[in-house]
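Heads up: the structure comes next, in structure tokens.
Nothing here was measured: the structure is a model prediction, and the numbers come from that model.
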Amino acid sequence: SKLANNASGQLEWQDYFFHCIFPEEKWDLSICPKTPTDYIPAISEYAKQLRDLTSKMLSVLSLGLGLEQGRLEKEVGGMEELLLQLKINYYPKCPQPELALGVEAHTDISALTFILHNMVPGLQLLYEGKWVTAKCVPNSIIMHIGDTVEILSNGKYNSILHRG
């Protein structure tokens, strides 16, 4: 749980489960839930699909920078070094929601972030000085650039300030 005051004085109101999912040998299976019983096989398949998507997106971003297709992937460690981590967020009902925020404003240190949503709006992005709520599109994945890609691209791609 992250139930603590943030810099703005609001209470972050969030439970979460966070662990490495790729490569599989980096998993700590002792922390994985026993139920649902298909958690490990489902997350294993998800990790493989996400790894493929990550590779494709890094290729497209490399081309957008005028680089060879595999350059950004190489710079973040390639298949040998790249880690995928999964964070499952849960926002319990808050008795005083006006005093709370799920996750305070931040950028992600990662290269890329992929978000699977449950059709409940809550992700907000800072755009032109205003907080804008991301639209929930059925069967979609939200992706945003992290600090690593912003640095590797010399700021051509920007890590987005966001909150929940």
Name all pairs fulfilling the salt bridge (Lys or Arg N to Asp or Glu O under 4.0 Å) condition that reach into residues 75-90, sequence neighbours left out, sorted by first residue then second. Arg71-Glu75
Inter- and intrachain pairs under salt bridge (Lys or Arg N to Asp or Glu O under 4.0 Å), touching residues 38-56, at least two apart: Arg51-Glu73
Co-members of Ile160 in a cluster of I, L, V, M, F, W and Y side chains, linked at under 4.5 Å: Ile115, Leu123, Leu125, Ile142
Sequence neighbours excluded, which residues qualify as side-chain contact (heavy atoms from CB on, under 4.5 Å) partners of Pro95? Trp13
Taking only residues two or more places apart in sequence, or in another chain, which ones meet Asp147 in a side chain to side chain donor-acceptor pair (under 3.5 Å)? Thr107, Ser159
Minimum heavy-atom distance Ser44-Trp27, with the two atoms named: N-CH2, 3.9 Å
Determine which pairs satisfy side-chain hydrogen bond (donor to acceptor under 3.5 Å, both in side chains) with at least one residue from residues 125-137, sequence neighbours left out, and list them in order. Gln124-Thr133
Non-neighbouring partners of His106 that pass ring pair (Phe, Tyr, Trp, His ring centres under 6.0 Å), sequence neighbours left out: His162
Partners meeting side chain to side chain donor-acceptor pair (under 3.5 Å) with Ser30 (sequence neighbours left out): Asp28
Does Ile88, at its CD1 atom, have more than 12 non-hydrogen atoms belonging to other residues, nucleotides or ligands within less than 6.0 Å? yes
Sorted by chain and residue number, the side-chain contact (heavy atoms from CB on, under 4.5 Å) partners of Leu63 (sequence neighbours excluded) come out as Gln69
Partner residues of Leu65 under the side-chain contact (heavy atoms from CB on, under 4.5 Å) criterion, sequence neighbours left out: Leu67, Leu72, Ser153, Lys156, Tyr157
Please name all residues satisfying side-chain contact (heavy atoms from CB on, under 4.5 Å) with Gln96, sequence neighbours left out, ordered by chain then number. Glu98, Leu99
Return the set of residues passing side chain to side chain donor-acceptor pair (under 3.5 Å) with Thr113 (not counting sequence neighbours), or none when no residue passes. Asp108, Ser110
